Structure formats: C-alpha cells, structure tokens
Amino acid sequence: MATAPDNADKRAGKRLDVSIPSRLRHGGFDQADVRICNLSFRGFRAECGEELTPGEFVSIDLPQFGLVRARVAWCHSGRMGGMFLKPMDVRRCL
C-alpha cells in the first residue's frame, strides 16, 4: 500500500472541492462505492474502502461524462488519488 505523497496538497492545478457519490470499477469487473472529494483538470481524490494498487487502471463514473479511465496515483487509509488518462474540464461535473 502506498501513501499519499508529502507534497500532495502543494501540486499545481486548481482543485474543485466536491462531494459526489460515485462508482469505481477496478480489477476487471470489481466495483466499489466511492465519494469523490475533489477534482482537477488531471485527476481526483476520493474516499474509497478498497485497497487499490498505485499504477492500477480504474474507471470512475463522473456526472456529465460517464465512465472515465484513470490510473491510481496513491491509496492510503480509505482515501485514494487518481490521474485521468486524458485531462478534462471537470467543471462540467458541477
């Protein structure tokens, strides 16, 4: 299990604080309920009860977009961060 990077809160890019219930698909057909806590042009942070592996590919259900592919950046203590495979205008989710 990887920890969140020490500089996770100092990364560039504006983050939108949100509270969006969603579904995360991982490991083929496995699904997990998650709560998206913030979104940015390049990724997201979510509360997730699953232990995910950094580097693992997932799909997250975003409002106005549907399933979006991402890669797990970190996972620790019920939280995880993901990077979208393609940057996106997440303001459409609001």
Side-chain angles (χ1 to χ4, degrees):
M1 172 172 42
T3 61
D6 291 336
N7 63 348
D9 293 329
K10 299 176 187 174
R11 290 175 294 190
K14 182 169 177 110
R15 299 194 183 312
L16 302 173
D17 288 329
V18 296
S19 180
I20 302 171
S22 186
R23 303 278 298 162
L24 182 88
R25 291 187 183 173
H26 63 98
F29 296 104
D30 295 332
Q31 294 188 32
D33 290 321
V34 299
R35 177 162 303 277
I36 302 169
C37 301
N38 73 33
L39 289 165
S40 74
F41 183 64
R42 297 187 180 266
F44 65 96
R45 180 173 58 86
E47 295 172 354
C48 177
E50 301 287 320
E51 287 298 321
L52 303 171
T53 304
E56 176 179 358
F57 289 100
V58 297
S59 296
I60 189 156
D61 193 5
L62 293 180
Q64 306 301 321
F65 287 98
L67 287 175
V68 175
R69 296 288 288 160
R71 182 178 290 193
V72 176
W74 57 270
C75 184
H76 181 69
S77 299
R79 297 181 308 165
M80 58 90 55
M83 294 177 58
F84 299 130
L85 297 188
K86 295 180 182 179
M88 52 195 321
D89 185 0
V90 293
R91 294 173 294 184
R92 288 180 40 200
C93 292
L94 303 179

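Computation of the quantities below employed the complete heavy-atom set of this structure, encompassing side-chain atoms and omitting hydrogens, waters and symmetry-equivalent molecules. Being a predicted model, the structure only gives us computed values, none of them experimental.
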Got L52 and H26 here, is their nearest side-chain heavy-atom distance under 4.5 Å?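 Of all side-chain heavy-atom pairs linking H26 with L52, at least one is under 4.5 Å.
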Do L62 and M88 touch side chain to side chain, with heavy atoms closer than 4.5 Å? yes
Transitively linked via ILVMFWY side-chain contacts under 4.5 Å: V18 with F65?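 Hydrophobic grouping puts V18 with F65.
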I36 with L16, same ILVMFWY side-chain cluster at under 4.5 Å: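 I36 clusters together with L16.
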Going by side-chain hydrogen bond (donor to acceptor under 3.5 Å, both in side chains), name the pairs with one or both residues in residues 57-72, residues two or more places apart or in two chains. S59-R69
Got a sec, which pairs hit side-chain hydrogen bond (donor to acceptor under 3.5 Å, both in side chains) with one end in residues 81-94, sequence neighbours left out? D89-R91
Closest non-hydrogen atom pair, P54 against A73: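 Nearest pair, atom of P54 first, then A73: CB-O, 3.8 Å.
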Would you please name every residue forming a side-chain contact (heavy atoms from CB on, under 4.5 Å) with R42, sequence neighbours left out?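 Counting only residues at least two positions away or on another chain, R42 forms a side-chain contact (heavy atoms from CB on, under 4.5 Å) with S40, P87.
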Salt bridge (charged side-chain N to carboxylate O under 4.0 Å, His left out): which pairs involve residues 27-38, sequence neighbours left out?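 Pairs touching residues 27-38 that pass the test: R23-D33.
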Transitive ILVMFWY cluster of F57 at side-chain heavy atoms under 4.5 Å: who else is in it?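 Besides F57, the cluster holds L85.
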Rounded at 0.5 Å granularity, tell me how far CD1 in I60 sits from CG in L39.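 Spacing of CD1 (I60) from CG (L39) equals 8.0 Å.
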To the nearest 0.5 Å, what is the distance between CD on E47 and OG on S77?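 One gets 12.0 Å once the value is rounded to the nearest 0.5 Å.
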Just grab all the ring pair (Phe, Tyr, Trp, His ring centres under 6.0 Å) pairs involving residues 33-55, residues at least two apart or on different chains.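 Applying ring pair (Phe, Tyr, Trp, His ring centres under 6.0 Å) to every pair that reaches into residues 33-55, excluding sequence neighbours, yields F44-F84.
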